Amino acid sequence: MTSNDARLRERAAAVVPGGMYGHLNTAIFTPGFPQFFERGDGCRQFDVDGREYLDFMCSWGPVVLGHRHPRVEEAVAAQQSRGDCLNGPGPIMVELAELLVDTVPSADWALFAKNGTDATTQALMVARAATGRATVLKAKGAYHGADPWCTPIPTGTTEANRADLIDFAYNDLASAEAAADAAAGDVAAIIVTPFKHDSFADQELAEGVFSRGLRALADRVGAVLILDDVRAGFRLDLRGSWETFGVRPDLTAWSKAIANGYPLAALTGTDALREAAASLYTTGSFWFSATPMAAAKATIETLRDEDGPARMARAGTLLRDGLREQADRHGLAIRQTGPVQIPWLAFAEDTSLERAACWTAACLELGVYVHPWHNWFLSTAHGDEDIAAALERTDIAFARTAARFGAA
Ligand code: PMP
């Protein structure tokens, strides 16, 4: 019998280029992933064939309180009843900017947009407007979005789109200093993610000497330090992901988890960059829609009131400890990297991802949605019992992987 998913794929192939594209295109994952989903509820998602999954991707980050969180949905419904896309923003834009300024110590102001790429691109524009310089230093392989300056697959772009970028190696301060030297006084900005979360690679937490060193380097060369907190923001620390290092960026790009799945991005910055930010022409038809802003205010307040990052850390620790115990018991060598709220698991000796593919396919079949080569995301909806339910199934998935490949 043909599944609903297969039928939708077939119809999509006729009317959507490639049938699907971008980061949710299952053609670029390992086998076994459904492409189309019907609904989400808390930490669960249901595909179009009615299969239920404990969700460890959270829509690749946006869903931070669980799908359809009541407090967010109430705020959304209240705003929708008054209108969404009007001739000007609602009062909610000011309220949300005030909330961000109150929550994030490095924020004296906020601009809003739709996607993370909007915010990182805006950040570069503010930095260039403020400094009158062109060059931006970035970590090699770091993802900052899909615009021509930063897309990892440059098809359809030109060399000129990336002409003013110089790479350094993450956690290697000397290489960042060398990149700054190579720019010979022209550094507008250093853009960096709070930890290294490149696909297909172990995640790496930032070393204090690196984060503090980048801050000092930016100050020394008169460049703007941009923290790209699009992926990690609101999961690790509501104040910003480098606040624990005592490192305050000049600009921070936010999106993903900011509005529990509603489309919104923000750029926050310091007073010193307020004038430069005000001088930009940056806008979009949907950027001032009130509903996602109402969702964002409810999301950030809920994360604050319920100590969201700590709850996600608890769930993430239970998950990590459970997976470690299981892998050891099955004699499988794994590596778990990154913060526990944004975890990842890789198998040793698995360069062609055969073990990851086998384990992930088994997890999917058993109703646990994880990813073989991209980091996962937890939400505050993941309770102890959900982690326990997931672990019962991951244990079976490890058993199948060990049976197929033997202990590694
Ligand atoms: N920066 C980082 C660190 C990201 O993880 C992402 C999205 N994965 C982006 C920027 C781009 O965000 P968006 O896909 O919303 O444009």
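Nothing here was measured: the structure is a model prediction, and the numbers come from that model. When a ligand or atom number is given, it counts from 1 through the structure's own listing order.
Between the side chains of His197 and Asn375, no donor-acceptor pair of N or O atoms lies under 3.5 Å.
Salt-bridge formation is not detected for the pair Arg311/Asp307: no Lys NZ or Arg NE/NH1/NH2 atom is positioned less than 4.0 Å from an Asp or Glu carboxylate oxygen. In this structure, Asp321 does not pair ionically with Arg324, as no charged nitrogen and carboxylate oxygen lie closer than 4.0 Å.
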Which is it for Arg71 and Asp305 under the salt bridge (charged side-chain N to carboxylate O under 4.0 Å, His left out) test, yes or no, and what are the steps along the way? CA-CA 12 Å; Arg71 190 163 161 190; Asp305 297 349; 3.0 Å; yes
Verify salt bridge (charged side-chain N to carboxylate O under 4.0 Å, His left out) between Asp49 and Arg51, making sure each step is shown before the conclusion. CA-CA 6 Å; Asp49 290 293; Arg51 291 195 302 171; over 6 Å; no
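Residues lining ligand 1 at a heavy-atom distance below 4.0 Å are given as Asn115, Gly116, Thr117, Tyr143, His144, Gly145, Thr193, His197, Asp228, Val230, Arg231, Lys256, ordered by chain and residue number.
Of the possible donor and acceptor atoms, none in the side chain of Asp186 sits under 3.5 Å from a partner among the backbone N and O of Arg133.
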